[in-house]
Asker: 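The structure's right below; bear with me while I get my questions together.
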Amino acid sequence: MDAVLLARLQFALTIGFHFIFPPITIGLAWLLVIVEYKGWRQRSEEWLRIGKFFGKLFAVTFAVGVATGIVMEFQFGTNWASYSAFVGDIFGAPLAAEGVFAFFLESSFLGLYLFGRGRVSAGVHWFSILMVAVGATISAFWIIVANSWQQTPAGYFVNEATGRAELTSFAEAVFNPSTLVRFFHTMVAALIAGAFFMAGISAYLILKRRHVDLAGRALKLAVVFGFVTSLLAVFPTGHEHAQQVARTQPEKFAAIEGIYESSDRHPLVFFAFPLVDPPQLVAQLGIPGLLAWMTYGDADAKLTALDEFPPDQVPKGAELWISFVSFHTMVLLGMIFIGLTGLGVLLFWRRRALDPDRRMSRLWLWATVLAIPLPVLACEFGWTAAEVGRQPWIVYKELRTVDAASVTVGAGEILFSIVLFGLIYLLLGAVWIYLLYKKIEHGPEAAPAAREVA
Amino acid sequence: MEPTALQIVWFLLYGVLITGYAVLDGFDLGVGVLSLTRRDPDERRVMINAIAPVWDGNEVWLLTGGGALFAAFPLVYATVFSAFYLALMLVLVGLIARAVAMEFRGKVANARWRDSWDLAFGVGSLLPALLFGVAVGNIMRGLPLDPGGRFTGSFLGLLHPYPLLIGLLALAMFVCQGAIYMAMKSDGPLREAMRSWAVRAWVAWVALYAAATVATFFAASFLFEGVLASPVTWVAFLALLGGLVYVPIAVRAERMGRALLASSTAIAAHIALVGVGLYPRLVPSLTDLAHSLTIANASSTERTLTTMLVIALLGMPLVIGYTLFIYRVFKGKVVIGESSY
């Protein structure tokens, strides 16, 4: 295999594994802000115990996220030296800003949150988790700024003499055409991931009839939070994001929606199985005209098909397949999130959610448990569609992926690091799940009064 | 090309970032290395909890350093990180191992589980503590760069005796720093052990510094060119001397806070001296000094440097403020409690 493909695989592996954790911790951090606030202001022992319990699960998850995130800061230089040289004038600043404004904040205050209970006042302790959540959110903002600049570069020109991109406006580069809509969409997705994490674990405790009081409170909070955010993920954020892609990256739009050949009233495809060579969709299920209507508000509006672009400027072969499948799976998962949390809200409304003896409630509780990993999966699919759909470019219309890798790093070295990190991540993933399981089985700590009696 | 004022400012700021990292993560890497010397798992637990609330914030200095290098001197970021590919992968493995080991070690009540993660924590601290120095040594000696500033060497070429010597020097520095910090945070036999380690590491530090100074005359004599004329050299040298002399005196007198200040000063002075020697180069070329990456030819544009300066001036005072606050909250000896690792 050639070095560039290996470098792409290495990047996909390291960032794909890392990206399991931030959505959970960003979402969970905001939920903990609510939980700890209730514990503090209502002087509620119950909410404080919920906070402690999920705080521990948060800590384990955050640790793996931090550990795997260190790799990100360096691998642009290690694996993508030509890219780094080309974009350094623009791309480095958001990464540095992420460090200065976000990483310091979340890391420093996380220490205070985890180890400072009792050392600082309840108010300062709550403030510490708030700063963790704020830091995590700012971090998401800056990393999406950096990635969005690759999608829709702005505020720069390419200096012919040096062959490097140079900044002309920091504000334009930061608020490039895709930054805000992608930030909101990704943030909402992270909030869903946190909500499903809290909801699924609480549902499990209820099914096992343990700590039903605490788990019930947490479940209700998480389900309502999850329902609202699931709706927001589709509308307006998902919808706006799709419109933005159609406007600013029509090739990617054609790839993810499966518009391979030009036709009138191209359908909005709900399901299809894509074939690769030549690209086509079989077993297609969709509604003609709906896609153009959703995109431009006109069912007869023209959607540019893949075959209308220069062939060397669109994703190819497996890239097309991956773009279509990952995008459509993400959308399907988004619908499932609305359905599942919507049903939960309904069950809470009718005061039946916490009763595992009822068939409907039991089924819903189990579905909520099994759904824990789905939002993370949706995040991975969404990100895959965004990155693979951008091919063959690493910076849209400016730099090709094949020209971006480190010329001095050989295929053998990359293969070695893929195997090394693959093994380490396998171990980390297994230990993480094992420790979560152990903590969940152990459940929240007993109330202080009960402890004294015991 | 003459460097502009902004490029010089960023050269200095980069030095500040490296110093922040070396002083802060220096002590927690050092504590990690020293944990390898303790057989009693309860002592290792105290050591891990001594750094638990703060290590993550300390490591952010490294991440921010990476980002700032990318932003301010992208060509150095691209050249150096791809040149150090395998070495950097090992550093990353070490940093990953120590981060998760702290979180994982106490989560299962099993001696083998705990001892394995403790070993991962120790080795995961040793690798970066040593390899960061090796990396700096390689940069001081110079990298084989072609006229386009591209790396033309190999991984084995990076394992030259000179950088290895600098690696050992960095290790001794970090262990001394860690031992002092740990003595400050502990009581009883652990404190005594750490005090004697502080002195031992100090002896190694002084000896290795002397050896490295002599070796530099042979391996990278250009680092000494013109430095004696710069007042920075003399200030840094006096600070280094003062810091190094005061470390064992303070340790003997049980003034650990002052000892930590002294060793931190010495570390900062080391970095300043390397900076004076390198300036205006960032990565000297081993093949021909004319091919070196300098702060003038490897930097971002003035606009980006200005933007970055604004970001640094807005953000860093805040960072320093809450970092000081958090260190104050966790001041004093380690107390193992409910929320400890």
Side-chain angles (χ1 to χ4, degrees), chain A residues 59-60 63-64 66-68 70-71 73-74 76-79 81-82 84-85 87-93 95-101 103-105 107-112 114-120 131 164 166-168 170 406-409 413 416-417 420-421 424 428 431 435 438-439, chain B residues 52-54 56-57 59-60 62-75 77-86 88-89 92-93 95-97 99-100 102-104 107-108 150-152 155 300-301 303-304 307-308 311-312 314-316 319 322-323 326 329-330 337-340:
Chain A
V60 179
V64 188
V66 165
T68 53
I70 309 165
V71 182
E73 199 76 23
F74 297 93
F76 300 106
T78 52
N79 288 57
S82 304
S84 300
V87 301
D89 204 49
I90 296 140
F91 195 84
L95 294 193
E98 190 182 15
V100 172
F101 295 128
F103 289 155
F104 273 121
L105 198 64
S107 303
S108 305
F109 280 98
L110 182 66
L112 193 56
L114 294 179
F115 301 100
R117 223 185 269 271
R119 276 179 180 262
V120 291
M131 286 303 106
R164 291 161 56 193
E166 289 185 11
L167 191 67
T168 55
F170 187 63
S406 301
V407 283
T408 54
V409 179
E413 284 178 299
F416 170 76
S417 77
L420 184 67
F421 281 106
I424 291 171
L428 286 188
V431 173
L435 289 180
K438 251 190 66 117
K439 290 251 160 248
Chain B
V54 294
D56 194 7
E59 202 170 271
V60 174
L62 177 70
L63 295 182
T64 305
L69 187 63
F70 196 168
F73 302 108
L75 295 185
Y77 175 85
T79 305
V80 170
F81 287 8
S82 56
F84 291 170
Y85 189 82
L86 285 178
L88 211 59
M89 293 297 147
L92 292 175
V93 169
L95 292 176
I96 289 174
V100 296
M102 281 184 262
E103 182 65 39
F104 290 171
K107 297 283 188 284
V108 177
R150 274 176 301 264
F151 178 69
T152 56
F155 175 65
S300 289
T301 58
R303 189 186 296 273
T304 296
T307 309
M308 290 286 302
I311 289 173
L314 283 178
M316 288 318 281
V319 170
Y322 59 68
T323 303
I326 287 167
V329 169
F330 293 103
E338 203 190 348
S339 54
S340 299

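Quick note on labels: first sequence line is chain A, next is B, and so on, each numbered from 1.
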Asker: Side chain from CB out, backbone as N, CA, C, O: work out which of these in A:L420 comes under 4.5 Å of a heavy atom of chain B, or both, or neither.
Answerer: side chain

Asker: So what's closer than 4.5 Å to chain A heavy atoms on B:Y322: side chain, backbone, both or neither?
Answerer: side chain

Asker: Could you check whether any side-chain N or O of A:S107 sits under 3.5 Å from a backbone N or O of A:F104, counting only pairs where one atom can act as donor and the other as acceptor?
Answerer: no

Asker: For A:F103 and A:V66, what are the C-alpha separation, side-chain angles and deciding distance, and is it a side chain to side chain contact (heavy atoms under 4.5 Å, CB included)?
Answerer: CA-CA 10 Å; A:F103 289 155; A:V66 165; over 6 Å; no

Asker: Specify whether A:F91 and A:F76 have parallel, tilted or perpendicular ring planes, treating 30° as the upper limit for parallel and 60° as the lower limit for perpendicular.
Answerer: perpendicular

Asker: Using non-hydrogen atoms only, which part of B:M308 is less than 4.5 Å away from chain A: side chain, backbone, both, or neither?
Answerer: side chain

Asker: Can you tell me which portion of A:I424 sits under 4.5 Å from chain B's heavy atoms? Options are side chain, backbone, both or neither.
Answerer: side chain

Asker: At a 4.5 Å cut-off on heavy atoms, which part of B:L95 comes close to chain A: side chain, backbone, both, or neither?
Answerer: both

Asker: Between B:T304 and A:D89, is there a donor-acceptor pair closer than 3.5 Å when you use the side chain of the first and the backbone of the second?
Answerer: yes

Asker: Does any heavy atom of chain A fall under 4.5 Å from the side chain of B:L62, the backbone, both, or neither of them?
Answerer: both

Asker: A:I70 versus chain B, heavy atoms under 4.5 Å apart: side chain, backbone, both or neither?
Answerer: both

Asker: Is it the backbone or the side chain of B:T307 that comes under 4.5 Å from a heavy atom of chain A, or both, or neither?
Answerer: side chain

Asker: So what's closer than 4.5 Å to chain A heavy atoms on B:F84: side chain, backbone, both or neither?
Answerer: neither

Asker: Please classify the contact between B:I326 and chain A as side chain, backbone, both or neither, with a heavy-atom cut-off of under 4.5 Å.
Answerer: side chain

Asker: Heavy-atom cut-off 4.5 Å, strictly under: side chain, backbone, both or neither for A:V409 against chain B?
Answerer: side chain

Asker: Could you look at A:F421 and say if it's the side chain, the backbone, both or neither that has a heavy atom under 4.5 Å from chain B?
Answerer: side chain

Asker: With sequence neighbours left out, what residues match A:R117 under salt bridge (Lys or Arg N to Asp or Glu O under 4.0 Å)?
Answerer: A:E36

Asker: Relative to chain A, which segment of B:L88 carries a heavy atom at a distance below 4.5 Å: side chain, backbone, both, or neither?
Answerer: side chain

Asker: Less than 4.5 Å to any heavy atom of chain A: does that hold for the side chain of B:V80, its backbone, both, or neither?
Answerer: neither

Asker: Could you list the residues that satisfy side-chain hydrogen bond (donor to acceptor under 3.5 Å, both in side chains) with A:S417, not counting sequence neighbours?
Answerer: A:Q10, B:Y85

Asker: Using non-hydrogen atoms and a 4.5 Å limit, figure out which bit of A:T408 sits close to chain B: side chain, backbone, both or neither.
Answerer: side chain

Asker: Measuring heavy-atom distances to chain B, does A:V120 have an atom under 4.5 Å in its side chain, in its backbone, in both, or in neither?
Answerer: side chain

Asker: Hey, which of B:A78, B:A97, B:G57 has the most heavy atom pairs under 4.5 Å with chain A?
Answerer: B:A78

Asker: Are any side-chain N or O atoms of A:S406 and backbone N or O atoms of A:A81, one a donor and one an acceptor, separated by less than 3.5 Å?
Answerer: yes

